[in-house]
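Written below as structure tokens is the structure these notes are about.
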Amino acid sequence: MHGFKYPLFYGGEGQRILAYDNEAGKGDHVHRGAEETPYLFTTFETLLDDFLTEVGVLRGGDR
């Protein structure tokens, strides 16, 4: 257990495209559209980098 509580969200009103979070009872995971997969949390810096990198790809370019 790392002790961080986080929700990172990319999308629009009523539309979740990407979200990284650690909802109680589920642990660390990623939502990509309707798909939910586990996420291996190592550090906050890595979490933020992973999220921003993926957002950059979704936006059609580099971070």
Side-chain angles (χ1 to χ4, degrees):
M1 183 68 144
H2 48 71
F4 290 106
K5 177 68 179 152
Y6 61 89
L8 301 173
F9 174 87
Y10 174 70
E13 188 171 329
Q15 179 186 32
R16 177 176 60 192
I17 297 170
L18 176 69
Y20 283 54
D21 68 81
N22 60 343
E23 182 180 334
K26 289 187 174 185
D28 304 294
H29 59 280
V30 180
H31 300 267
R32 292 177 182 93
E35 182 182 338
E36 182 179 312
T37 57
Y39 175 76
L40 179 60
F41 181 95
T42 55
T43 67
F44 180 75
E45 291 78 13
T46 301
L47 167 70
L48 190 56
D49 187 58
D50 290 346
F51 176 75
L52 292 175
T53 297
E54 199 162 345
V55 167
V57 170
L58 289 168
R59 292 175 58 94
D62 295 329
R63 189 178 135 205

Nearest 0.5 Å please: distance from the [atom1] atom of [X] over to the [atom2] atom of [Y].
{"X": "Leu8", "Y": "Leu52", "atom1": "CG", "atom2": "CG", "value": "8.0 Å"}
{"X": "Phe9", "Y": "Ile17", "atom1": "CZ", "atom2": "CD1", "value": "7.5 Å"}
{"X": "Thr53", "Y": "Leu48", "atom1": "OG1", "atom2": "CG", "value": "9.0 Å"}
{"X": "Leu40", "Y": "Leu47", "atom1": "CG", "atom2": "CG", "value": "11.0 Å"}
{"X": "Glu45", "Y": "Asp49", "atom1": "CD", "atom2": "CG", "value": "10.0 Å"}
{"X": "Tyr6", "Y": "Glu23", "atom1": "OH", "atom2": "CD", "value": "11.5 Å"}

Are Phe44 and Phe51 grouped together when hydrophobic residues (ILVMFWY) are joined by side-chain heavy atoms under 4.5 angstrom apart? yes
Is the Phe4 ring parallel, tilted or perpendicular to the Phe41 ring (thresholds 30°, 60°)? tilted
Show the nearest heavy-atom pair for residues Tyr20 and Asp50, with the distance to one decimal. OH-O, 3.7 Å
Assess whether atom CZ of Arg59 is packed by more than 12 heavy atoms of other residues, nucleotides or ligands within 6.0 Å. no
Taken in chain and number order and not counting sequence neighbours, the residues that satisfy side-chain hydrogen bond (donor to acceptor under 3.5 Å, both in side chains) with Lys5 are none
Consider only side-chain N and O atoms of Tyr10 and Glu54, and report whether a donor and an acceptor are under 3.5 Å apart. no
Side-chain donor-acceptor pair under 3.5 Å between His29 and Asn22, yes or no? no
Side-chain contact test, heavy atoms from C-beta onward, threshold under 4.5 Å: evaluate it for Asp21 versus Lys26 and give yes or no. no
